[in-house]
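Read through the structure below, which is laid out as structure tokens, and then see the notes.
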Amino acid sequence: LVDKVGAYLPGVYEEVVDVVDAYVLTELEALHVRAVRSFTDKFGRERKTGDEWIITQEDSETHIPSVHEEVVNLVTITTLTNRQYAVIVNPVDAKGKPQLGTKKLC
């Protein structure tokens, strides 16, 4: 995977399999990603096969999925009024690991 800016001329024994465009993340959209296999992502976090996480604009303004990542969905922001609340099922802890079987009231 080549993710540098600029022109790229493939070598004699290289084959261009696919051209992937970057996802532009805004304040209103985030990217829901799943790990296809275990690896360390470009943010330095270790991901296990099947892990899912969200990449927001705070992480990166644009994101090009690596060969070990699968884009699940583009997620839009959910805004609550002062008369609404949310129950988060399986929230994540400070380290980003899901707390399966628990709920959090926000």
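One-based numbering along the sequence shown. Hydrogens, waters and symmetry mates play no part in the numbers below; they use all other heavy atoms, side chains included.
Side chain of D51 to backbone of A35: no donor-acceptor contact under 3.5 angstrom is found.
Between S60 and L25, the shortest heavy-atom contact is O-CD1, 3.3 Å. The two residues I64 and A22 have their closest heavy-atom pair at CG1-CB, 3.6 Å. What you find for V36 and E69 is that their closest heavy atoms are CG2-C, 4.0 Å. Of all non-hydrogen atoms in V20 and P65, the two that sit nearest each other are CG1-CD, 4.1 Å.
V67 is not connected to V72 by any chain of hydrophobic side-chain contacts under 4.5 Å among Ile, Leu, Val, Met, Phe, Trp and Tyr, and they are in different clusters.
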Quick one, D41 with S66, criterion side-chain contact (heavy atoms from CB on, under 4.5 Å). Give me CA distance, side-chain angles, the key distance, then yes/no. CA-CA 8 Å; D41 66 9; S66 75; over 6 Å; no
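Taken from OG in S38 to NE2 in H68, the straight-line distance is 10.0 Å, to the nearest 0.5 Å. Atom OG1 of T79 is separated from atom CD of Q84 by 9.5 Å, given to the nearest 0.5 angstrom. D93 contributes atom CG, which lies 4.5 Å from atom CD of Q99 (distance to the nearest 0.5 angstrom). In this structure, the separation between CZ on R34 and CD on E70 is 5.0 Å, given to the nearest 0.5 Å. Between the CG atom of L74 and the CD atom of E29 there is a distance of 4.5 Å, given to the nearest 0.5 Å.
Residues H63 and K42 form a side-chain contact, since some pair of their non-hydrogen atoms from C-beta on lies under 4.5 Å apart. Here the side chains of K103 and P91 are not in contact, with every heavy-atom distance at 4.5 Å or above. At least one side-chain heavy atom of D59 sits less than 4.5 Å from a side-chain heavy atom of F43. Within the 4.5 Å cutoff, side-chain heavy atoms of E14 are placed close to those of Y8. T62 places none of its side-chain heavy atoms less than 4.5 Å from the side chain of Y23. Contact check for V75 versus L31: no side-chain heavy atoms found under the 4.5 Å cut-off. Proximity of N73 to V71: side-chain heavy atoms (C-beta onward) are nowhere separated by under 4.5 Å. Using a 4.5 Å heavy-atom threshold, the side chains of V33 and I55 count as touching.
As a member of the Ile/Leu/Val/Met/Phe/Trp/Tyr network built from side-chain separations under 4.5 Å, I77 groups with L28. Hydrophobic cluster membership of L9, counting Ile, Leu, Val, Met, Phe, Trp and Tyr whose side-chain heavy atoms lie under 4.5 Å apart directly or via other members: none, as it forms a cluster of its own.
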